[in-house]
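To start, the structure itself, in structure tokens.
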Amino acid sequence: MQSEICNLKLVIKSFGCQMNKLDTALVGSSLTKAGFALTDNVKEADVVLINTCSVREHAEQRVLSHLGHLKHIKESRPDLIVGIIGCMAQRLGEKLLEHEAVNIVCGPAQIPQIANLITEAIEQNEKKLAITERIRKPAPQHDSDALEEFESACRIEDKAIPAQAFVRVMHGCNKFCSYCIVPYVRGPEVSRPPHAVIDQIRKLADAGIKQVTLLGQAVNSYEYKAADKTWSLADLLAKAADIEGIDWLKFVTNYPCEKYFNNILRVMAGSPKVCPYLHIPAQSGSDKTLHAMNRRYTAADYLALLDRARDIVPAIAVAGDFIVGFPGETDADFRATVELVKKARYRNCFIFKYSPRPGTTADKRLEDTVPPEVKQARNVELLAVQQEISGELSRDFLGKEVKVLVEGPSKKPHLNAPENGASPQLVARTAGDWIVVFNGPASLAGQFATVKITKTSPLTLFGQLTSPVK
Ligand code: SAM
Ligand code: SF4
């Protein structure tokens, strides 16, 4: 470890998806090992790293406005080192390095180099760029070995949520949905070796982790050809379910396709550890729009998958994503999406307004025809339809007892919050990923408990603690 680095204070800010949060945890853990001290306070930091997202323009704008703020701080503290990591670093590379506030630009595949990049930026007083030049080419073996070693060695427990951790099972994406930047910034799909994933989960279990969420952009495409057999996500889940200490396994996000679908659901049906929760974005209910999105299914195919999922796992909770205002989306296309949402009966949906991403097929070939106010109106309408459904589904829980894994004290007060010091309001989740809020001792964070549901809202169940489970 470089003596220069000892005692340097580091802030890491994270924008974006779960995959980014995992990268943030990996970088934080590796830099702590290298001698940095993590802080939340930019004023006392020597180094600020921003982990960025490129999925929608808005996410990038937030980072740019944050950089404006850091540029201002650097006027009085020119020694402050600012590094950009993640998808925006890979997408904008050199251009981002030209920003006055930026010292380091480091792509997702280069995060194992981050400690060295910081040291070099300080010692050589130079800007540093580390990104993949040809992102769709398979990485050279030594680079993927370095990434795997880094991934396996770092501690990735989520400090903010005790007893839970995320484990990446694959990098990249090969689906090329026409609107999506991910394949161009995260590279081709590469599944991690099953033994590395399983070893990592075993170590997490030894460290007290009870819930592991397996991550991949299209996690059900996980496929690893070993000498003796080809591993699918179903095999991985079955193996992980054998690990003592791990009680709940979740996996996100699924691409709607046949391959391995039944096998994954059968493992879910057969193991109490594999949570009955399926995040499977449809993106649209119009076949014309789905085709233009390069999603390789029709609305009928998608609904048939959901029917099958509910046949195999009757208690399954399903979540979805939708994009409204995709180029060429007519009122009739949008109505088809509303119909699909009504039929799918999701527990919840994430709804996004189409945001053109430079370099994607949709941006190159299709005009962003839907006016912002129409996108907004469709977003609001679809949310209202989903709220209604979530409200109905949540009311089914009234009077029932649910098992939850407690995350910790609630950050914001919810309905009916009789607070007292010994019994603050806690947030927890069920196996089906429902959010449950109840009063109980803060020491329950990271523990299982049972809660009797006494009140519901579309996104949250409220209740009373009946007993800690273990
Ligand atoms: N791989 C996952 C999948 O396919 O479901 C998630 C990818 S992305 C990080 C999460 C969501 O962002 C997508 O499901 C999609 O709804 C949305 N999204 C992706 N690109 C978008 C774009 N250009 N504009 C608006 N929303 C977008
Ligand atoms: Fe993007 Fe489609 Fe891959 Fe998801 S599956 S990351 S939406 S290209």
Side-chain angles (χ1 to χ4, degrees), residues 14-23 51-61 86-88 90-91 108 135-136 166 168-191 213-222 233 251-257 259 277-285 289-297 302 305 318-329 337 340-341 346 348-370 372 375-376 378-379 382-383 386:
S14 195
F15 293 85
C17 64
Q18 221 38 267
M19 203 61 99
N20 265 18
K21 287 191 187 145
L22 175 57
D23 283 341
N51 194 2
T52 57
C53 170
S54 288
V55 167
R56 281 167 291 277
E57 195 190 354
H58 176 67
E60 292 199 343
Q61 273 165 355
C87 295
M88 216 174 145
Q90 178 60 44
R91 191 176 91 73
I135 190 72
R136 292 303 305 173
F166 292 88
R168 183 174 4 237
V169 299
M170 58 196 295
H171 296 268
C173 185
N174 289 349
K175 301 288 182 275
F176 285 101
C177 302
S178 65
Y179 50 80
C180 185
I181 196 75
V182 170
Y184 307 94
V185 287
R186 292 264 174 185
E189 275 176 16
V190 180
S191 293
T213 304
L214 306 182
L215 292 183
Q217 294 295 350
V219 70
N220 51 333
S221 303
Y222 176 89
L233 182 72
F251 52 97
V252 289
T253 303
N254 294 274
Y255 186 89
C257 66
K259 200 171 183 191
Y277 172 70
L278 192 69
H279 183 190
I280 185 161
Q283 312 295 0
S284 170
T289 307
L290 286 170
H291 183 71
M293 287 176 161
N294 194 30
R295 301 284 286 186
R296 300 157 204 182
Y297 51 87
Y302 179 84
L305 285 178
V318 182
D321 291 2
F322 286 89
I323 296 177
V324 293
F326 187 76
E329 185 188 69
T337 297
L340 185 135
V341 169
Y346 296 105
N348 77 325
C349 270
F350 301 93
I351 300 166
F352 306 102
K353 288 177 272 187
Y354 172 67
S355 166
R357 303 314 295 131
T360 59
T361 320
D363 187 54
K364 283 193 274 194
R365 301 208 186 134
L366 305 170
E367 207 185 321
D368 186 11
T369 48
V370 182
K375 285 183 185 167
Q376 177 62 16
R378 288 179 183 168
N379 192 342
L382 201 57
L383 265 177
Q386 180 53 43

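Order of appearance sets the numbers: ligands from 1, and atoms from 1 within every ligand.
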4.5 Å side-chain heavy-atom contact, Pro183 and Arg136 =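 Answer yes - side chains close enough.
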
Passes ring pair (Phe, Tyr, Trp, His ring centres under 6.0 Å), Tyr179 versus Phe352? Steps please.
-> CA-CA 12 Å; Tyr179 50 80; Phe352 306 102; 9.8 Å; no

Result of checking Leu366, Thr337, Leu290, Val370 against Phe326 for side chain to side chain contact (heavy atoms under 4.5 Å, CB included) |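 Running side chain to side chain contact (heavy atoms under 4.5 Å, CB included) over Leu366, Thr337, Leu290, Val370 with Phe326 returns exactly one hit, Leu366.
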
Rounded to the nearest 0.5 Å, how far apart are [atom1] of [X] and [atom2] of [Y]?
X      : Y      : atom1 : atom2 : value
Lys353 : Glu57  : NZ    : CD    : 12.0 Å
Asp321 : Phe350 : CG    : CZ    : 6.5 Å
Ser284 : His291 : OG    : NE2   : 13.0 Å

Specify side chain, backbone, both or neither for Arg295, according to which of its non-hydrogen atoms lie closer than 4.0 Å to ligand 2.
-> side chain

Qualifying residues under salt bridge (Lys or Arg N to Asp or Glu O under 4.0 Å), relative to Glu60, sequence neighbours excluded |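 With neighbours one apart ignored, the set is Arg91, Arg357.
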
If you count the non-hydrogen atoms of other residues, nucleotides and ligands that lie under 6.0 Å from CD in Glu367, is the total more than 12?
-> no

Using ring-ring contact (aromatic ring centres under 6.0 Å, His included) as the criterion, list what pairs up with Phe251, not counting sequence neighbours.
->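 If we apply the ring-ring contact (aromatic ring centres under 6.0 Å, His included) test to Phe251, skipping adjacent residues, there are no hits.
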
Are there any N/O pairs under 3.5 Å between ligand 1 and the protein, and if so, what are their distances?
{"from": "ligand 1", "atom 1": "1 (N)", "to": "Gln217", "atom 2": "O", "distance (Å)": "2.5"}
{"from": "ligand 1", "atom 1": "1 (N)", "to": "Gln217", "atom 2": "OE1", "distance (Å)": "3.0"}
{"from": "ligand 1", "atom 1": "12 (O)", "to": "Arg56", "atom 2": "NH1", "distance (Å)": "3.0"}
{"from": "ligand 1", "atom 1": "14 (O)", "to": "Gln283", "atom 2": "NE2", "distance (Å)": "2.8"}
{"from": "ligand 1", "atom 1": "14 (O)", "to": "Asp321", "atom 2": "OD2", "distance (Å)": "2.6"}
{"from": "ligand 1", "atom 1": "16 (O)", "to": "Gln283", "atom 2": "OE1", "distance (Å)": "2.7"}
{"from": "ligand 1", "atom 1": "18 (N)", "to": "Arg56", "atom 2": "NH1", "distance (Å)": "3.4"}
{"from": "ligand 1", "atom 1": "23 (N)", "to": "Tyr179", "atom 2": "O", "distance (Å)": "3.1"}
{"from": "ligand 1", "atom 1": "23 (N)", "to": "Ser355", "atom 2": "O", "distance (Å)": "2.8"}
{"from": "ligand 1", "atom 1": "24 (N)", "to": "Ser355", "atom 2": "N", "distance (Å)": "3.0"}
{"from": "ligand 1", "atom 1": "26 (N)", "to": "Arg56", "atom 2": "NH1", "distance (Å)": "3.2"}

For atom 1 (Fe) of ligand 2, check which protein N, O or S atoms are under 2.8 Å away and list them.
->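 Atoms qualifying: Cys180 SG.
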
If only atom types and distance count, is the side chain of Asn254 paired as donor or acceptor with the main-chain N or O of Val219 below 3.5 Å?
-> no

